[in-house]
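Each remark here refers to the structure printed beneath this line.
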Amino acid sequence: MVIKNRTRGEHRIIDVDGDVDYFSISELKNGLFALINDRAESIILDLEDVEYMDSSGIGLIVTAYKVMLGYGGKIALLHVHEDILALLKLATVDTIMKIYESENDIS
């Protein structure tokens with residue numbers, strides 16, 4: 001897995017490239033929580049290059065959401081493939097955070 005950080009306005013965007021699963025989750029967790037520990041106000045995970053995500057990925061996203069909620073931060077998802085979106089909807093993740101189809105939708 002490869003992750004890269006970039007900034008767009010007030011948002012910190014993490015571009016994720018590769019599967020998000022039990023075997024690769026630690027790199028994403030480290031990158032995500034580095035931003036959370038710096039109290040980032042808004043983090044967006046760009047999943048355009050992620051074709052597979054298992055329950056450990058969903059768990060990480062929900063944990064990050066809860067931690068950020070505790071200090072008033074927000075987390076959202078961008079460019080989510082249909083298969084992963086169906087899984088996120090099944091886990092009701094779509095009810096607690098924004099899921100953007102396009103970077104132009106980010107305000």
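Quick caveat: nothing in here was measured; it's all calculated off a predicted structure.
For Glu41, there are no side chain to side chain contact (heavy atoms under 4.5 Å, CB included) partners at least two apart in sequence or on another chain. Applying the side chain to side chain contact (heavy atoms under 4.5 Å, CB included) rule to Lys66 yields the partners Val62; only residues at least two apart in sequence or on another chain are considered. The side chain to side chain contact (heavy atoms under 4.5 Å, CB included) test applied to Leu60 returns Ile25, Leu28, Lys29, Leu32, Phe33, not counting sequence neighbours. Shown here are the side chain to side chain contact (heavy atoms under 4.5 Å, CB included) partners of Arg6, two or more places apart in sequence or in another chain: Ile13, Asp15, Asp46, Glu103.
With a 4.5 Å cut-off on side-chain heavy atoms, Met53 and Ile58 count as touching. Here the side chains of Met1 and Val16 are in contact, with some heavy-atom distance below 4.5 Å. Looking at heavy atoms from C-beta onward, Leu47 lies in side-chain contact with Leu77 at the 4.5 angstrom threshold.
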When the side chains of residues 82-94 are checked against the rest of the protein, which donor-acceptor pairs come out under 3.5 Å, sequence neighbours left out?
none

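Counting Ile, Leu, Val, Met, Phe, Trp and Tyr side chains that sit under 4.5 Å apart, directly or through other members, Phe23 shares a hydrophobic cluster with Tyr22.
Both Ile14 and Val50 are assigned to one and the same hydrophobic cluster, defined by single-linkage of ILVMFWY side chains at heavy-atom distances under 4.5 Å. A single hydrophobic cluster is not seen to contain both Ile44 and Ile61; linkage of ILVMFWY side chains at heavy-atom distances under 4.5 Å, directly or through other members, places them apart. Transitive grouping of hydrophobic side chains (ILVMFWY, heavy atoms separated by less than 4.5 Å) brings Met97 and Leu35 into a common cluster.
Looking only at atom types and distance, the side chain of Ser24 has a donor-acceptor partner in the side chain of Asp21 under 3.5 Å away.
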